[in-house]
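Encoded as C-alpha cells, the structure appears first; notes follow it.
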Protein chains: 2
Amino acid sequence: MKSHGGTIKDISEFLSSKGIKPSYQRVKILERMYKMKDHPTVNDIYKDLIDEIPSLSKTTVYNTLNIFIENAIVKSFSMDGNEARYDILSNIHGHFFCLECNKIYDFEINEPQIYDNLLEGAEIFESEISVRGICKACKNKKS
Amino acid sequence: MKSHGGTIKDISEFLSSKGIKPSYQRVKILERMYKMKDHPTVNDIYKDLIDEIPSLSKTTVYNTLNIFIENAIVKSFSMDGNEARYDILSNIHGHFFCLECNKIYDFEINEPQIYDNLLEGAEIFESEISVRGICKACKNKKS
DNA sequence: TTCTCTGCAAACGCTTTGCACGGAT
DNA sequence: ATCCGTGCAAAGCGTTTGCAGAGAA
C-alpha cells in the first residue's frame, strides 16, 4: 500500500477514503493482511484474530473480504480449487505454489505487456498467473 | 491429442495405453471433451451425455475426470472459484474469460520460457494463466 | 431513533465418500 | 469367484444467506 504507513490510524483513514466504515474488525483484518504478506485463507485470518477478537465470526471475515474485493483492495484466487486465498492488490505478480513445502511465493512479472499481442482488442480487468512445482530450496534439499 | 484420430476405437486404445480400462462412460466422456473444445464443468458433461447414457451419474463423471487428471490427460482449473472446469492437456495456453458473454477463450502463449527468469532453480509441473475482461467482439458491440 | 455491522444458525452448491449392485474377466 | 466400474445416497466442506441483537451516529 503506497498511501499509508500501516498503523491502525492509517488503515482507518484509508478505509474511510474508500467509503468503508472502519470498524474494529475491518481494520484488524486489513492490518493483518498488510503485516503478514502471506496469502491467507479465511480460516487463517480467523485463527490469527480470534484471540484478539474473541467474538469474531467467520461470516464477518467473509463479509469483510468481499467488501475489500468490491472496492479493489484485495483480490481472491485459488491455488488448488479448494479454499479461496486472498491477496492485497498490488503490482502484477504471479503465485508459485511449492508442492513440497506448501508455501506460496510471489514472483514478479517483468513483462506486464505480455498479453498485448495475445489478446489485442480485448479489455483486461484482472489476471492471475499461478504455477505449481517445487521451489529452489526444496529442490536443493532433496539432491 | 496427437496420438489418435478421435474415433471411439482410437480413444479406447488411447485409454488402454495409459492403463485405464476403456469403459463406455470413460470413452464417452473423453470423446466429448475432444469433440467440443470448450471448458466444461462436471454438469456440462453430465447434461451432454445423460440422453445417450441415461444411467449416468455425476459421481462417475467426477471419478472419471479425476482418473484423467491423475494420468495427465486433462487438467482442472477454476475461473471464478466456483465449479471446476476441465481442459484437455495440450500446449501451454491461457484462458480468457469474457465477463460480458461468459465465454472462455484460449489464447496462445508464444513465450513458453516466460518463467525461466522468474523462477530459476524451481521445477515447474503445471501452470495456469487466466485473464478476465471483455472480449473484442463484445467490446465492438458496445461501441 | 435509525441505520449499519456483527455473528449465530441454517441453507446452499460443489465434490467426495461409503457402499451395494452388476458386469467383465 | 474375483475384481473393478458404476451410481445412489449421504456426508463433507467452503461459502452465502436470513435474521435478530448490538452498536454507532
Side-chain angles (χ1 to χ4, degrees), chain A residues 8 11-13 15-16 18-32 39-71 73-87, chain B residues 8 11-16 18-32 39-71 73-87 102:
Chain A
I8 302 272
I11 290 179
S12 295
E13 282 169 6
L15 286 177
S16 296
K18 292 261 184 181
I20 301 169
K21 198 182 292 181
S23 74
Y24 185 56
Q25 287 84 340
R26 288 171 181 172
V27 171
K28 278 295 173 187
I29 290 171
L30 188 53
E31 186 199 26
R32 186 234 172 264
H39 305 79
T41 63
V42 163
N43 210 43
D44 290 337
I45 296 172
Y46 178 78
K47 285 189 303 182
D48 287 342
L49 294 179
I50 190 63
D51 284 341
E52 202 166 354
I53 316 171
S55 68
L56 184 65
S57 83
K58 285 183 188 175
T59 302
T60 298
V61 180
Y62 278 109
N63 289 340
T64 301
L65 289 169
N66 285 336
I67 290 172
F68 291 168
I69 289 172
E70 282 159 25
N71 287 273
I73 298 169
V74 311
K75 67 176 274 191
S76 78
F77 67 100
S78 167
M79 223 42 232
D80 45 14
N82 233 349
E83 330 135 78
R85 294 183 171 276
Y86 299 84
D87 199 12
Chain B
I8 303 270
I11 291 178
S12 295
E13 283 168 5
F14 173 72
L15 286 177
S16 296
K18 291 262 186 180
I20 302 169
K21 200 182 288 182
S23 75
Y24 185 57
Q25 285 86 338
R26 288 170 180 172
V27 170
K28 278 295 174 187
I29 290 171
L30 189 51
E31 186 198 29
R32 186 234 171 265
H39 306 78
T41 64
V42 162
N43 209 43
D44 291 335
I45 296 172
Y46 177 79
K47 285 188 303 181
D48 287 341
L49 294 179
I50 190 62
D51 284 340
E52 201 167 354
I53 317 173
S55 69
L56 184 67
S57 85
K58 285 182 188 176
T59 302
T60 298
V61 180
Y62 278 108
N63 289 340
T64 301
L65 289 169
N66 285 335
I67 290 172
F68 290 168
I69 289 172
E70 284 160 23
N71 287 273
I73 298 170
V74 312
K75 67 177 273 191
S76 79
F77 66 101
S78 167
M79 222 44 233
D80 45 13
N82 232 351
E83 332 137 74
R85 294 184 172 275
Y86 299 85
D87 199 13
N102 285 341

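Residue numbers start from 1 in every chain, and the chains themselves are labelled A, B, ... in the order their sequence lines are given, proteins ahead of strands. Computed from heavy atoms alone, side chains included, the values below leave out hydrogens, waters and symmetry copies.
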*Identify, between Y86(B) and K21(B), the residue whose nearest nucleotide on DNA chain C lies closer to the 5' end.*
Y86(B)
*Walk along DNA chain D from 5' to 3' and tell me the first and last nucleotide with an atom closer than 4.0 Å to a non-hydrogen atom of chain A.*
dG14(D) to dT17(D)
_Non-hydrogen atoms of I11(A) and E31(A) that approach each other most closely_ = CD1-CA, 3.4 Å
_Closest non-hydrogen atom pair between L30(A) and I73(A), with its separation_ = CD1-CG2, 4.0 Å
*Which nucleotide span of DNA chain C, 5' end to 3' end, has atoms closer than 4.0 Å to non-hydrogen atoms of chain A?*
dT4(C) to dA9(C)
*Output all residues satisfying side-chain contact (heavy atoms from CB on, under 4.5 Å) with T41(B), sequence neighbours left out; order by chain, then residue number.*
N43(B), D44(B), E83(B), R85(B)
Side-chain polar contacts of residues 45-53 of chain A - donor-acceptor pairs under 3.5 angstrom, sequence neighbours left out - could you list them?
from: D48(A); atom 1: OD2; to: R32(A); atom 2: NE; distance (Å): 2.8
from: D48(A); atom 1: OD2; to: R32(A); atom 2: NH2; distance (Å): 2.8
from: E52(A); atom 1: OE2; to: K28(A); atom 2: NZ; distance (Å): 2.9

*Quick one: OG on S12(A) to CD1 on I20(A), what's the gap to the nearest 0.5 Å?*
11.5 Å
_Atom pair CD1/OH of I8(B) and Y24(B) - distance to nearest 0.5 Å_ = 7.0 Å
*Going through the checks in order, is the side-chain contact (heavy atoms from CB on, under 4.5 Å) test met by N63(A) and F68(A)?*
CA-CA 9 Å; N63(A) 289 340; F68(A) 291 168; over 6 Å; no
*Can you see which heavy atom on Q25(A) is nearest to which on L56(A), and at what distance?*
CG-CD1, 4.0 Å
_Residues touching DNA chain C, which here means a heavy atom under 4.0 Å, drawn from residues 42-67 of chain B_ = T59(B), Y62(B), N66(B)
*asked:* Give me the atom names and distance for the closest heavy-atom approach of V42(B) to V61(B).
replied: CG1-CG1, 3.9 Å
*Taking salt bridge (charged side-chain N to carboxylate O under 4.0 Å, His left out) as the test, write out the residues that go with K75(A), two or more places apart.*
E128(A)
